[in-house]
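Just so you know, these numbers use all the heavy atoms, side chains as well, and skip hydrogens, waters and symmetry mates. In this text the structure is predicted, and so the values were computed from the model without any measurement.
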Amino acid sequence: MHPVRKKRLFVIVAIVIILSAAIGLILYALQQNINLFYSPSQIVMGDAPHDINIRAGGMVVKGSVKRHSETLAVTFDVTDFQHSVTISYRGILPDLFREGQGIVAQGKLDQNGVFQANQVLAKHDEKYMPPEVSEALRNAQKTTDRKINTEQSTH
């Protein structure tokens, strides 16, 4: 093989290897930072992965907030009006957090089905709700409406 061709082939192979490594590292970094959203119904049905960072959200169930007096730990239930999931959080909750409020929590689902949150976000006002939460609540409402209509039509 001619020395010029050999040099070109070496350069091309080196460029392909470097690009492959760069693309691989970028994909690995993106995979680590993806936080998919799951509604309480999806979590209860087993669609959500365990021990992987995800987001979960819905409305805080009234009467479900339990604060531990000696620590910053708090547990509460979140619902999409079809199913509820217990969320455990250690830290200071946002000022806007309250029962009946829409929230999104980031964290991991443990093997007991309790969502271990490392961050809790509350909506800013009554008109705004994160798109994932509002969509999950709409879907749950449609399913509930279908069940009611089916029950009414059979009676």
Side-chain angles (χ1 to χ4, degrees), residues 1-61 64-66 68 71-144 146:
M1 186 180 280
H2 197 275
V4 174
R5 285 187 179 170
K6 198 178 217 181
K7 188 175 180 180
R8 283 184 192 157
L9 181 63
F10 178 72
V11 170
I12 291 172
V13 169
I15 290 173
V16 168
I17 290 172
I18 291 170
L19 283 175
S20 297
I23 291 171
L25 289 173
I26 290 170
L27 291 175
Y28 178 75
L30 289 175
Q31 181 183 8
Q32 296 297 319
N33 291 326
I34 292 175
N35 290 327
L36 299 175
F37 178 83
Y38 291 91
S39 69
S41 292
Q42 291 172 315
I43 293 172
V44 168
M45 289 185 224
D47 294 341
H50 291 270
D51 297 323
I52 293 178
N53 274 336
I54 60 171
R55 293 183 301 156
M59 302 298 279
V60 178
V61 176
S64 69
V65 178
K66 295 177 184 73
H68 302 280
T71 64
L72 291 175
V74 62
T75 58
F76 55 92
D77 292 337
V78 172
T79 184
D80 60 0
F81 302 114
Q82 213 170 18
H83 294 94
S84 294
V85 171
T86 300
I87 295 179
S88 177
Y89 177 68
R90 179 177 287 256
I92 298 172
L93 290 168
D95 291 337
L96 297 173
F97 178 90
R98 64 181 178 273
E99 295 176 349
Q101 177 82 27
I103 64 106
V104 174
Q106 295 180 354
K108 296 180 179 181
L109 187 62
D110 67 14
Q111 297 301 324
N112 300 325
V114 176
F115 190 83
Q116 302 293 331
N118 53 33
Q119 185 177 23
V120 174
L121 307 168
K123 66 180 183 176
H124 294 283
D125 63 22
E126 295 302 317
K127 295 177 186 169
Y128 174 76
M129 186 175 294
E132 298 94 346
V133 175
S134 61
E135 183 178 338
L137 293 175
R138 267 196 309 273
N139 290 342
Q141 186 64 40
K142 287 178 186 175
T143 305
T144 304
R146 278 190 226 125

Within a reach of under 6.0 Å around CD1 of Ile92, are more than 12 heavy atoms found that belong to other residues, nucleotides or ligands? no
Does a donor on one side chain and an acceptor on the other come within less than 3.5 Å for Asp77 and Ser84? no
Asp51 and Gln111: side-chain donor and acceptor closer than 3.5 Å? yes
Per side chain to side chain contact (heavy atoms under 4.5 Å, CB included), Phe76 is matched among Val65, Thr86, Val85 by Val65
Taking C-beta and beyond as the side chain, do [X] and [Y] meet within less than 4.5 Å on heavy atoms?
X      : Y      : answer
Leu121 : Pro94  : no
Leu72  : Leu93  : no
Val78  : Phe115 : no
Phe97  : Val60  : yes
Arg55  : Tyr38  : no

From [atom1] ([X]) to [atom2] ([Y]), nearest 0.5 Å:
X      : Y      : atom1 : atom2 : value
Ile52  : Lys108 : CD1   : NZ    : 8.5 Å
Ile12  : Arg5   : CD1   : CZ    : 11.5 Å
Tyr89  : Thr75  : OH    : OG1   : 14.0 Å
Arg90  : Asn118 : CZ    : CG    : 13.5 Å
Gln106 : Gln116 : CD    : CD    : 15.0 Å

Give me the atom names and distance for the closest heavy-atom approach of [X] to [Y].
X     : Y      : answer
Gly57 : Pro40  : O-CD, 3.2 Å
Ile43 : Leu109 : CG2-CD2, 3.7 Å
Ser41 : His83  : OG-ND1, 3.0 Å

May I ask you to decide if Val74's main-chain N or O and His68's side chain share a donor-acceptor pair within less than 3.5 Å? no
Does Asn112 use its side chain to pair, donor to acceptor, with the backbone of Val114 at less than 3.5 Å? no
Step by step, would you call Ile87 with Ile103 a side chain to side chain contact (heavy atoms under 4.5 Å, CB included)? CA-CA 11 Å; Ile87 295 179; Ile103 64 106; 4.2 Å; yes
